[in-house]
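Let me begin by presenting the structure, written as structure tokens, before commenting on it.
This is a predicted model, so every value here is computed, not measured. Whatever order the structure lists ligands and atoms in, that order sets their numbers, starting from 1.
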Amino acid sequence: MARIVMKFGGTSVADCERIERAADKVAAEVARGNEVAVVVSAMSGVTNKLVNYCSEISPLYDAREYDTVVSSGEQVTAGLMAIALQKRGVSARSWLGWQVPIVTSNVHGKARIEEINTEEMEKRFAEQEVAVLAGFQGISERSRIATLGRGGSDTTAVALAAALNAERCDIYTDVNGVYTTDPRIEKGARKIDRISYEEMLELASLGTKVLQVRSVEMAYKRDVPIQVLSSFEDKIGSDLPGTLVTREEDIMEQHIVNGIAFAKDEAKVTLFNVPDVPGVAAKVFGPLADSSVNVDMIVQNVSEDGQVTDMTFTVPEGELQKAIDILAGQEDLKDVKIRTDKEVVKVSVVGIGMRSHAGVAQTMFSALAEKGVSIHVISTSEIKISVLIAKDYLELAVRALHEAYGLDQS
Ligand code: ADP
Ligand code: ASP
Ligand code: MG
């Protein structure tokens, strides 16, 4: 007997028929004698609709009320999943975040899970009852409903698996695993059988939406193996050829580059006429950090005359206006000219093999140059290289890199 957490994403619970198919899978795991906790997302499209309702009434909505609204989608699917399981003769009940409770920080809209109390769930496991948990939500330290950020049901699932000491966390979705790049962009993308937590974490934080970043962070920290599996096939669990996200030591075959990620929601800010004096970078980035604007790639040019210089950096598109307002309000930067560009995308190549192989960056730059794609900004870390390019070249660049690193299926 094993204890497992099964998570079903939006497309996997998109309507009653799909909820019933998902319930069949849960019932099959129970029939194998396993203890099962299920985590569900809202039906696909529902969360977007709820988010839009909030901004329709007020673009400056109260984040606590936003959470009350957007968390409701998961309540519906949790109840329906419990009903579908009961119909199959499986004892089940739904749990909302506050009923467990899943205690979170007070940062509404992107709260962090602080604690999960599984005492009551444990008792019910002993009575062979399946727990069906509404994903994406918890209760804040101030007793308000809080949500975990978009895609947060993945994190609910991994956190629950960690809290329950589950053997593994199975993430059922609309693809049959993690691919070398988004299969919607590159038809030749190849499914990866095993990927390390570290690489998956980089891919997720660089824009690969198949798993929420925090879910991978949590799995890495708590050593929870994740399987990404298709919900559209009849088989279940390890019988499916999905992707296992696991420790680096458990992976036999290592490629130098394992995946290509991209993030479309980036914006570039260039500051001209910046005084070239010690401490100016702190004057630019200090106020941005104080206001929680997430600055990512940064380049500062060398000034020719030692007087003024240019500086370029990226911020999430949604934080661009805030960044401009903050910089425009700084007395020390009053002569600085600001230019912005939203038509950019960040493309990254990720692989643990980069630690020990030279020439990975060169392959990237040559492949892009051959296609005439110019690079605006570059940033690197131990296991990734990112470039900022014009949005129009996204697909061309991803395909060129996919081929250059030999990631194609053939
Ligand atoms: P769910 O609703 O089940 O949480 P998501 O939409 O969050 O599903 O994640 C699955 C989607 O992630 C896929 O449909 C796929 O288009 C996208 N995706 C992006 N990059 C990748 C990748 N490298 N491998 C697999 N899927 C990817
Ligand atoms: N329903 C939420 C969203 O769409 C959470 C999730 O699906 O993981 O972001
Ligand atoms: Mg998701």
Exercise for the section: Look only at interatomic distance and state if Asp154 has a nitrogen or oxygen under 3.5 Å from any nitrogen or oxygen of ligand 2. Expected result: no
Handout entry: Verify atom 24 (N) of ligand 1: protein non-hydrogen atom under 4.0 angstrom away
Key = yes
Handout entry: Minimum-distance protein heavy atom relative to atom 9 (O) of ligand 2
Key = Arg150 NE, 2.6 Å
Problem - Over 12 foreign heavy atoms within 6.0 Å of CZ, Arg222 - result: no
Exercise for the section: Note the single closest protein heavy atom to atom 15 (C) of ligand 1, along with its residue, its atom name and the distance in Å. Expected result: Asp182 OD1, 3.6 Å
Practice task
Starting from atom 1 (P) of ligand 1, find the nearest protein heavy-atom neighbour and note its residue, name and distance.
Solution key: Thr173 OG1, 3.6 Å
Handout entry: For Tyr179, the ligand 1 atoms whose distance to one of its heavy atoms is below 4.0 Å
Key = 22 (C), 23 (N), 24 (N), 25 (C)
Handout entry: Gln212 contact mode with ligand 2 (heavy-atom cut-off under 4.0 Å)
Key = neither
Practice task
State, with a plain yes or no, whether a side-chain heavy atom of Val36 is found less than 4.5 Å away from one of Met6.
Solution key: yes
Exercise for the section: Examine Thr208 against ligand 1 and note whether any of their N/O atoms are separated by less than 3.5 Å. Expected result: no
Completion exercise
Residue, atom and distance of the protein heavy atom nearest atom 7 (O) of ligand 1 read Lys209 O, 3.5 Å
Completion exercise
of all protein heavy atoms, closest to atom 7 (O) of ligand 2 is Ser41 OG, 3.0 Å
Exercise for the section: Answer yes when Asp250 and Arg247 have at least one side-chain N-carboxylate O distance shorter than 4.0 Å, and no when they do not. Expected result: yes
Handout entry: Aromatic ring pairing Phe313/Phe285, orientation class (parallel under 30°, perpendicular over 60°, tilted between)
Key = perpendicular
Handout entry: Member of Asp265, Asp296, Thr314 meeting the side chain to side chain donor-acceptor pair (under 3.5 Å) criterion with Lys346
Key = Asp296
Handout entry: Check: Lys7 N/O within less than 3.5 Å of ligand 2 N/O
Key = no
Handout entry: Residue and atom name of the nearest protein heavy atom (relative to atom 2 (O) of ligand 1), distance in Å to one decimal
Key = Gly10 N, 3.2 Å
Practice task
Look only at interatomic distance and state if Ser41 has a nitrogen or oxygen under 3.5 Å from any nitrogen or oxygen of ligand 1.
Solution key: no
Problem - Gly152 near ligand 2 by a heavy-atom separation under 4.0 Å - result: yes
Exercise for the section: Among all protein heavy atoms, pick out the one at the shortest distance from atom 16 (O) of ligand 1; state its residue, atom name and that distance to 0.1 Å. Expected result: Arg184 NE, 2.8 Å
Practice task
Return yes or no for this condition: an N or O of Gly151 is under 3.5 Å from an N or O of ligand 2.
Solution key: yes
Practice task
List the closest protein heavy-atom neighbour of atom 10 (C) of ligand 1: residue, atom name, distance to the nearest 0.1 Å.
Solution key: Asp174 OD1, 3.4 Å
